[in-house]
Trainee: 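Next up is a structure, given as structure tokens.
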Amino acid sequence: MGFRQRLLLVHLMAVVMIVTCAAATGWWLLSQSVLGQLDAALLALGETEAGLLMENAPEAIHIHEPSPGTAPPSLVRLDRLVQIIDVHGNILGRSNNLGVAVLPVSMSLLKSMEQGQSVFETLPHASEEPLRMVSIPVRVGDRKFAVQVAGSLDDANHTLQSAALLFGGLALALLLALAAAGAVLTGRLFGTVERIAAQARRISDANLGERLAHPGSDDEIGHLVATLNSMLERLERAFRLQRDFTANAAHEIRSPLSRLRTEIELALRRPRAGEDYVATLQSCLEEVTGLTSMVEELLLLARLDAGQETRKADSIRLDQLAGECVAKWQGAAQARGVALVLHAAQPVQARVGPRAAMLVLNNLLDNAIKFSPAQSAVEVTVSEDADGAILTVADHGPGIAGDDVGHLFERFYRGRASQLEQTSGAGLGLAIVRAVLEGHGASIRFGNRSDGSGARFTLYFPKPTGP
């Protein structure tokens, strides 16, 4: 049985239960109303007989029958059977319409009469028709009596039977109507779902730009279509990034390989002096070094994407780590005529892996030195606030162009400054920086210096937890 059939079955079961409960409740309320009306009529007649009995002497007990006359007899009065008994159950009087029959007297009724309680009873087999009887205790002087008034339940039962047929018919009609409405609504629902599924099956990696048609309703189906369209948008972006990544990686690797091949072919074309071979080998070594660096960066990004890179966060002295990095890059900075300046007035603790922090700071310092003009300075500042540790790297280079802001952390993206100055690198450094920081719960912000003389990158590290 499919999901659609199971849903229809559950719907029908729920409808049957609801309709059955409603019909049963309606019939019960009607039966209580009919029985209540009969009880009220019997009680009124019994109280009237009891009042008349209390006005007469105990020796003159009799039933007050309607006097014969020309007026037609009261059908309501003739339908009621009246009997008067004492505390022992002896019959002291009864109405003429009882004939030779008597109304039953049980021991429990006598006990209730002794306690002065009125008792209602249903007598299904006391006569040809089922009876409903009320027994009202009466005290006349020192003697106790009970007035019993009974009425036929035949009319009430016929009314309830007719009501049962009516409720049954209404319940059946309501059941059929609700079942038909449920089937129509379920058919429409699954029709919409099937159309959405058919549209989704037509979408592949070749046409990820297509979207599912929104039904235009703000319900669960509309929310489902919106969610699927959002997922398709993310998939399209991921596929596009993957295609761009593959194309850029192939281009970046092919270019140095082409230069390597050209260098080797030129060296092998004719015999050369030893100095020429050394120069060729040095050029090839530079190309191989660049290729090795790029492949290592690609492998690191792949491990970060797959969650395979170790991301153990320790409590480290960020000021000490910044000092080590600055000391490591002093030689490269001096070769370009750039000064490296560290501002770390006090010890600063940060929660981050030392290897990750070193990798991030190395990439930022490498970029800052490459883009800084001679006789300028790269400033590294370590501080902290209430939220955690802060590390800032600022240079006096060309800054970040407006066109580069939205693409700065994309893989293989090289900004305008890189293209104009033809600096080395594959455009993976900042992508690695952001991936590493996000993996350790840190973040990065960037912008130009307030005076517009260079770029500024600010890293935010969480505070260490525990002692």
Side-chain angles (χ1 to χ4, degrees), residues 21 23-68 73-164 167:
C21 291
T25 302
W27 184 87
W28 182 82
L29 292 175
L30 180 61
S31 65
Q32 293 299 310
S33 174
V34 171
L35 193 60
Q37 292 179 6
L38 179 59
D39 287 348
L42 296 177
L43 184 61
L45 181 56
E47 289 176 347
T48 301
E49 278 303 332
L52 294 174
L53 178 62
M54 294 174 63
E55 293 177 359
N56 299 324
E59 296 78 10
I61 293 177
H62 66 278
I63 304 299
H64 297 79
E65 299 281 357
S67 57
S74 172
L75 296 178
V76 176
R77 182 67 182 86
L78 293 176
D79 191 46
R80 305 295 181 249
L81 307 175
V82 184
Q83 180 174 278
I84 299 176
I85 60 173
D86 59 13
V87 293
H88 303 292
N90 298 318
I91 299 174
L92 305 179
R94 54 186 181 171
S95 59
N96 294 329
N97 54 5
L98 264 175
V100 296
V102 295
L103 297 177
V105 179
S106 62
M107 294 301 297
S108 59
L109 176 61
L110 295 177
K111 291 181 180 179
S112 299
M113 189 179 67
E114 284 285 343
Q115 298 172 1
Q117 298 175 353
S118 297
V119 179
F120 284 93
E121 297 178 276
T122 300
L123 309 173
H125 307 294
S127 65
E128 297 178 355
E129 298 178 358
L131 299 178
R132 179 72 171 171
M133 182 178 70
V134 61
S135 301
I136 304 173
V138 181
R139 188 181 186 91
V140 181
D142 295 334
R143 300 181 62 183
K144 295 180 180 180
F145 305 93
V147 176
Q148 296 178 293
V149 181
S152 173
L153 283 173
D154 191 54
D155 292 340
N157 289 340
H158 283 305
T159 302
L160 293 178
Q161 288 174 3
S162 301
F167 278 115

Trainee: Would you check if Leu103 and Leu131 make a side-chain contact, meaning some heavy-atom pair closer than 4.5 Å?
Mentor: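 Sidechains of Leu131 and Leu103: in contact.
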
Trainee: Give, for atom CG of Leu42 and atom CZ of Phe120, the distance between the pair rounded to the nearest 0.5 Å.
Mentor: 7.0 Å

Trainee: Between atom OG of Ser152 and atom CZ of Arg132, what is the distance when rounded to the nearest 0.5 Å?
Mentor: 13.0 Å

Trainee: With sequence neighbours excluded, tell me which residues meet salt bridge (Lys or Arg N to Asp or Glu O under 4.0 Å) with Asp86.
Mentor: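 Applying salt bridge (Lys or Arg N to Asp or Glu O under 4.0 Å) to Asp86 gives none.
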
Trainee: For Gln117, what residues pass the side chain to side chain donor-acceptor pair (under 3.5 Å) criterion, not counting sequence neighbours?
Mentor: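 Checked Gln117 against side chain to side chain donor-acceptor pair (under 3.5 Å); matches are Gln115.
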
Trainee: Do the side chains of Val134 and Asp39 get nearer than 4.5 Å, heavy atoms only?
Mentor: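 In short, these two side chains do not touch, never coming nearer than 4.5 Å.
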
Trainee: What's the spacing between Arg80 CZ and Ser95 OG if we round to 0.5 Å?
Mentor: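 It is 11.5 Å, given to the nearest 0.5 Å.
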
Trainee: Would you be so kind as to tabulate the donor-acceptor pairs closer than 3.5 Å made by side chains of residues 106-113, with sequence neighbours excluded?
Mentor:
unit_1	atom_1	unit_2	atom_2	d
Ser106	OG	Ser108	OG	3.1
Ser106	OG	Leu109	N	3.3
Ser112	OG	Ser108	O	3.1

Trainee: Report yes if some heavy atom in the side chain of Met133 is under 4.5 Å from a heavy atom in the side chain of Leu81; otherwise report no.
Mentor: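 In short, these two side chains do not touch, never coming nearer than 4.5 Å.
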
Trainee: For the CZ atom of Phe145 and the CG atom of Asn90, what is their distance to the nearest 0.5 Å?
Mentor: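 One finds 11.0 Å between CZ of Phe145 and CG of Asn90.
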
Trainee: Identify the two heavy atoms, one from Pro137 and one from Gly116, that lie closest to each other, and give their separation to 0.1 Å.
Mentor: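 Minimum heavy-atom contact is CG-C, 3.5 Å.
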
Trainee: Which residue in the set Val119, Val82, Val105, Ile136 passes side-chain contact (heavy atoms from CB on, under 4.5 Å) when paired with Gln148?
Mentor: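 One option only clears the test, and that one is Val105.
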
Trainee: Can you name the residues that form a side chain to side chain donor-acceptor pair (under 3.5 Å) with His88, not counting sequence neighbours?
Mentor: none

Trainee: Could you tell me the separation between the CG atom of Leu123 and the CG atom of Leu153, rounded to the nearest 0.5 Å?
Mentor: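 Output value for this atom pair is 8.5 Å.
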
Trainee: Please identify each residue that fulfils side chain to side chain donor-acceptor pair (under 3.5 Å) with Ser33, with sequence neighbours left out.
Mentor: none

Trainee: Going by the rule side-chain contact (heavy atoms from CB on, under 4.5 Å), which residues pair with Lys144 if we only count those two or more places apart in sequence or in a different chain?
Mentor: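 Result, side-chain contact (heavy atoms from CB on, under 4.5 Å) vs Lys144: Val87, Glu114, Arg139.
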
Trainee: Distance from Glu49 atom CD to Ile84 atom CD1, nearest 0.5 Å?
Mentor: 6.0 Å

